[in-house]
Number of protein chains: 2
Amino acid sequence: MKKKNTPTESELEILQILWQHGASSVRTVNEILNENREVGYTTTLKIMQIMTDKGMVIRDTGQRTHIYEAVAQENDTQKTLLDSFVEKTYRGSTMRLIMQALGQQETNSKELEELKKIIDQLEKKNK
Amino acid sequence: MKKKNTPTESELEILQILWQHGASSVRTVNEILNENREVGYTTTLKIMQIMTDKGMVIRDTGQRTHIYEAVAQENDTQKTLLDSFVEKTYRGSTMRLIMQALGQQETNSKELEELKKIIDQLEKKNK
DNA sequence: CTTAACATACGAAAATAATCGTATTAATAT
DNA sequence: ATATTAATACGATTATTTTCGTATGTTAAG
């Protein structure tokens with residue numbers, strides 16, 4: 001089993017951008033970050049370099065402008081973070097998290113149908 | 001609206017203990033913490049004093065041994081943390097979180113029934 | 001060619017969180 | 001009464017994360 005490198009908050013922010021936009025330069029990432037909050041260019045650069053050291057991203061250094069890409073898939077990272085979140089916040093009870101999340105959720109009938117389908121499948125598998 | 005004081009990781013650990021065991025002394029909290037990992041007594045004390053400053057806990061100083069109590073309810077804190085987690089990790093999509101959590105979940109038919117009931121209620125409310 | 005714009009590298013400061021040592025005081029046991 | 005145990009207070013250290021300044025090299029424009 002590979003050791004899980006859980007991203008810090010800023011690292012996750014950057015990963016989100018890479019997942020959404022695909023492989024990108026520091027400049028691009030920094031511009032997108034700045035749509036939400038002010039971050040200096042070299043700050044973003046530095047974090048992305050650290051992420052490279054940690055093996056969280058890889059970069060193509062073929063051109064002057066390096067192009068960065070996330071190594072882990074969004075899904076996998078989410079699952080890892082979810083587990084740890086459930087552990088810390090819900091004392092390990094995924095079910096409690098789901099219930100509470102459902103309560104917060106703006107109800108949308110299409111998605112609820114979708115959910116029911118998933119639950120039915122789980123039930124079948126259970127038999 | 002009151003300003004949300006989101007706990008740090010160690011603070012949350014302590015809050016969990018206060019929620020589970022009710023109002024407790026530093027000694028008690030520290031002993032419970034040490035069932036999982038080694039923490040010095042004064043470390044726990046210090047964090048609980050900081051939490052007092054932040055207004056996250058209140059303490060009864062009537063006796064030599066102070067008794068601490070969580071101010072916020074577990075539910076409320078969980079909701080606050082959940083919102084921020086969904087924002088950071090699922091780009092705001094609570095539904096995606098629920099789906100993924102369901103996938104991780106060990107299927108237990110009783111809980112699944114419970115879930116379906118909740119969904120049905122949500123659907124009714126939706127009409 | 002020289003200047004301006006733009007890129008990486010990297011050390012170091014600043015901010016935040018966690019840990020602990022020491023002082024002091026209070027309670028208990030011998 | 002004296003020594004031991006146990007409690008709080010609090011400054012200081014350490015660790016981690018974030019931010020940024022400066023050096024340096026590269027490309028593009030005038």
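Every chain is numbered from 1, with letters handed out A, B, ... down the list of sequences. These numbers were taken from a predicted model, which means no experiment stands behind them.
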Quiz item: Arg64(A) side-chain donor-acceptor pair to dT27(D) base, under 3.5 Å: no

Length of the NE2-C1' vector between His66(B) and dT8(D), whole Å: 6 Å

Residues Arg96(B), Glu111(A): salt bridge by 4.0 Å N-O rule: no

Between dT17(D) (P) and Met51(A) (CE): distance, integer Å: 13 Å

Side-chain N,O (Thr42(A)) to OP1/OP2 (dT19(D)) below 4.0 Å: no

Ile50(A), nearest nucleotide to its side chain (from dT18(D), dA9(C), dC20(C)): dT18(D)

Value in whole Å for how far the P atom of dT17(D) lies from NZ of Lys88(B): 13 Å

Donor-acceptor pair (no angle test) under 3.5 Å: Lys46(B) side chain, dG11(D) base: yes

Any side-chain heavy-atom pair of Gln100(A) and Tyr90(A) under 4.5 Å: yes

Spacing of Glu9(A) atom CD relative to dA15(C) atom P, expressed in whole Å: 18 Å

For Met51(A), the option from Thr8(A), Ile58(A), Val57(A) that meets side-chain contact (heavy atoms from CB on, under 4.5 Å): Val57(A)

Interatomic distance, Asp60(A) CG vs dA7(C) P [rounded to whole Å]: 15 Å

Phosphate-side-chain proximity, Arg59(A) and dA9(C), N/O vs OP1/OP2 below 4.0 Å: yes

Atom-to-atom span, CE of Met48(A) to P of dT19(D) - whole angstrom: 15 Å

Between P of dA7(D) and CG of Leu45(B), the distance in whole Å: 10 Å

Cationic N near anionic O, under 4.0 Å, Lys116(B) to Glu123(B): no

Under-4.0 Å side-chain N/O to phosphate OP1/OP2 contact, Arg27(A) with dA7(C): yes

Verify same cluster id: Met48(A), Leu45(A) (apolar side-chain graph, 4.5 Å): yes

Whole angstrom value for the distance that separates C1' of dA6(D) from CD of Gln63(B): 15 Å

side-chain N/O Tyr41(A) vs dT8(C) OP1/OP2, d < 4.0 Å: yes

dT18(D) OP1/OP2 closer than 4.0 Å to side-chain N/O of Arg37(A): no

Under 4.0 angstrom between Thr8(A) side-chain N/O and dT18(D) OP1 or OP2: yes

Under-4.0 Å side-chain N/O to phosphate OP1/OP2 contact, Thr43(A) with dT18(D): no

